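Below is one structure; the comments refer to it alone.
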Amino acid sequence: MPDSSVSQTDPSTQAATPSITVKDNTNASVYADLKLEDIQQIDGVRGQDWLSEDEVVVNRQNEAGEPTEFSDGEILPQGLYVHTLAGGKEKTIIADDTNWGGAKLSPDKKHLFYQEIFEMTGVGYIMDLETGESVQIADGREILIDGAWLGDDHFVYGNIEGQLFQTDLSGKSEQLLDLADAGQRASGIQTVGDIVYYTGLNEQELFAYHTSTKELERFGSGILWAIPAPDGSQLALVKRTGETEMTLMLTDLAGNEKKTLATGTQVFGTSWSPDGKRLAYTVTSADDGSKDGFYISDVNTGEAFMISSDLADAGDAMKWSPSGTKIMVNKVDRKNGEMLAQSSIIKVSW
């Protein structure tokens, strides 16, 4: 800084070189500007999960399948495929005259849970991706189209009668809870460590079941769903805060609010980045729609970056790639009486 003892208005000192002290900035940056690098659109598919940084499991119509008659026309069965982002080549996982979907990969990417779909229920299977062999779970009984991997070797799911199960890779199931007195049917199942989070489908109350201790925790009502951070340290929770209002907030593990990230008529698609530093979600509102869109928020600062206003009505949960630099976003539109799916692969950097 200039010497304060020298007058800066004295002409005799104007040419003097100021004395400058340089200090290192020891404050770590808590937010780096997010940059949208690219959006790759894949028409006709609904993305399911990431197999690798360049391969995604998708659900789409099987053009070779036998069509089914509906009131407004015919519909082809849905199959599951591995889609390569570079070049668009596809490899069939399973495709025939049956509707297949609900695919979720185990964390180690070695096994695939998938279902034969019947509207809101289905028959579940687990496939060994190395051998291509599958086992049926729940003895072939219908289960809810929901569930989550509990580590690499167990999958947690609920059934229509209101019970919560886990199955191993051989298809052998074990009942964890009877939910008749604990929220009824389990919705929005999420896992982290040994904990299974779910909301009661009818009462909209949040529960956490500890598989190691068999302890069940109950949280407040009006909770639509909760997504635990990858390290299990906090929750991203969507709560009904008004008759036509939802709020996305961060809470501690007891459900106590720490920070509000977004509010709107609808908040969907909530998903943590693999490092737990960012949340992806969509917001729509009843106003002029100027703030509707697909967002990514920095969970430390609460700052939000709108990625696209065109994806505001994307309802599926976002899926981050293993590196955390790509996000899969699904959108379904109805055109001329036909449902058309589209998956967008969004590449970001910071």
Side-chain angles (χ1 to χ4, degrees), residues 36-67 75-117 122 124-134 145 147-149 155 268-269 271 273-274 280 282 294 296 307-308 310-311 313-335 338-349:
L36 173 60
E37 299 288 348
D38 182 53
I39 298 180
Q40 178 182 349
Q41 293 181 337
I42 312 172
D43 293 326
V45 310
R46 196 167 186 167
Q48 306 280 285
D49 210 342
W50 291 85
L51 183 59
S52 68
E53 198 65 25
D54 191 49
E55 294 176 306
V56 292
V57 176
V58 301
N59 168 245
R60 68 163 173 81
Q61 289 184 342
N62 173 20
E63 300 294 339
E66 184 70 25
I75 185 170
L76 290 169
Q78 300 282 314
L80 292 169
Y81 306 83
V82 175
H83 182 98
T84 303
L85 299 180
K89 290 185 178 180
E90 289 187 347
K91 180 174 65 175
T92 302
I93 298 175
I94 183 168
D96 47 31
D97 293 334
T98 302
N99 281 315
W100 301 104
K104 296 183 180 181
L105 284 157
S106 60
D108 62 7
K109 310 298 184 184
K110 293 182 179 180
H111 292 86
L112 180 73
F113 169 82
Y114 64 101
Q115 288 180 284
E116 179 183 359
I117 301 294
Y125 296 82
I126 292 178
M127 178 184 288
D128 183 323
L129 291 177
E130 183 177 353
T131 65
E133 296 181 357
S134 295
I145 303 178
W149 283 92
F155 191 85
F268 284 129
S271 178
S273 61
T282 62
F294 162 48
I296 295 177
I307 298 294
S308 170
D310 294 333
L311 296 172
D313 54 352
D316 292 355
M318 316 294 182
K319 296 284 187 177
W320 293 75
S321 69
S323 70
T325 60
K326 299 173 185 174
I327 311 165
M328 180 193 303
V329 184
N330 293 320
K331 185 176 180 179
V332 179
D333 290 323
R334 179 178 288 277
K335 293 183 179 179
E338 184 180 2
M339 301 300 290
L340 301 177
Q342 183 185 76
S343 188
S344 296
I345 306 298
I346 298 170
K347 186 176 182 180
V348 293
S349 65

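Keep in mind it's a predicted model, so treat the numbers as computed, not measured.
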Show, in sequence, the C-alpha distance, side-chain angles and deciding distance for Asn59 and Gln48, and conclude whether the side chain to side chain donor-acceptor pair (under 3.5 Å) test is met. CA-CA 7 Å; Asn59 168 245; Gln48 306 280 285; 4.7 Å; no
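A heavy-atom distance below 4.5 Å is not found between the side chains of Ile327 and Ile307. Between Ile93 and Val82 the shortest side-chain heavy-atom distance falls below 4.5 Å. Residues Val57 and Tyr114 are not in side-chain contact: their nearest non-hydrogen atoms beyond the backbone lie 4.5 Å or more apart.
Without hydrogens or angle criteria, Trp149 side chain to Lys104 main chain gives a donor-acceptor distance under 3.5 Å. Using modelled atom types, one side-chain atom of Ser52 and one backbone atom of Glu55 make a donor-acceptor pair closer than 3.5 Å. Side-chain atoms of Asp49 come within 3.5 Å of backbone atoms of Leu105 as a donor-acceptor pair (strictly under, hydrogens ignored). At least one donor-acceptor pair closer than 3.5 Å links the side chain of Ser323 to the backbone N or O of Thr325. Side-chain atoms of Thr131 come within 3.5 Å of backbone atoms of Glu133 as a donor-acceptor pair (strictly under, hydrogens ignored). Between the side chain of Trp320 and the backbone N or O of Lys326 there is no donor-acceptor pair closer than 3.5 Å.
Residues Pro67 and Leu76 approach most closely at CB-CD2, 4.0 Å, considering heavy atoms. Scanning both residues, Pro77 and Asp96, for their nearest heavy atoms gives CG-O, 3.4 Å. Smallest separation of non-hydrogen atoms from Pro274 and Pro322: CG-O, 3.9 Å.
Here Leu112 contributes atom CG and Asp128 contributes atom CG; the two are 10.5 Å apart, rounded to the nearest 0.5 Å. Lys319 contributes atom NZ, which lies 11.5 Å from atom OG of Ser343 (distance to the nearest 0.5 angstrom). Atoms CD1 and OG1, on Ile117 and Thr98 in that order, are 11.0 Å from each other to the nearest 0.5 Å. In this structure, CG on Leu80 lies 10.5 Å from CD on Gln115, to the nearest 0.5 angstrom. Here the straight-line distance linking atom CD1 of Ile346 with atom CG of Asp38 works out to 9.5 Å at 0.5 Å rounding. Separation of atoms OG (Ser321) and CD1 (Ile345) is listed at 9.0 Å; rounding is to 0.5 Å.
Within 6.0 Å of CD in Glu37 there are more than 12 heavy atoms belonging to other residues, nucleotides or ligands.
Remark: of the listed residues Asp316, Asp310, Asp313, Asp313 is the sole one forming a salt bridge (charged side-chain N to carboxylate O under 4.0 Å, His left out) with Lys331.
With respect to the salt-bridge test (charged N to carboxylate O, under 4.0 angstrom), the residues Arg60 and Glu90 qualify.
Classified by interplanar angle (parallel below 30°, tilted 30° to 60°, perpendicular above 60°), the ring pair Phe155/Phe113 is parallel.
In the model, Asn99 has no side-chain atom that pairs as donor or acceptor with a side-chain atom of Gln78 under 3.5 Å. A donor and an acceptor atom, one from each side chain of Asp108 and Ser106, are located under 3.5 Å apart.
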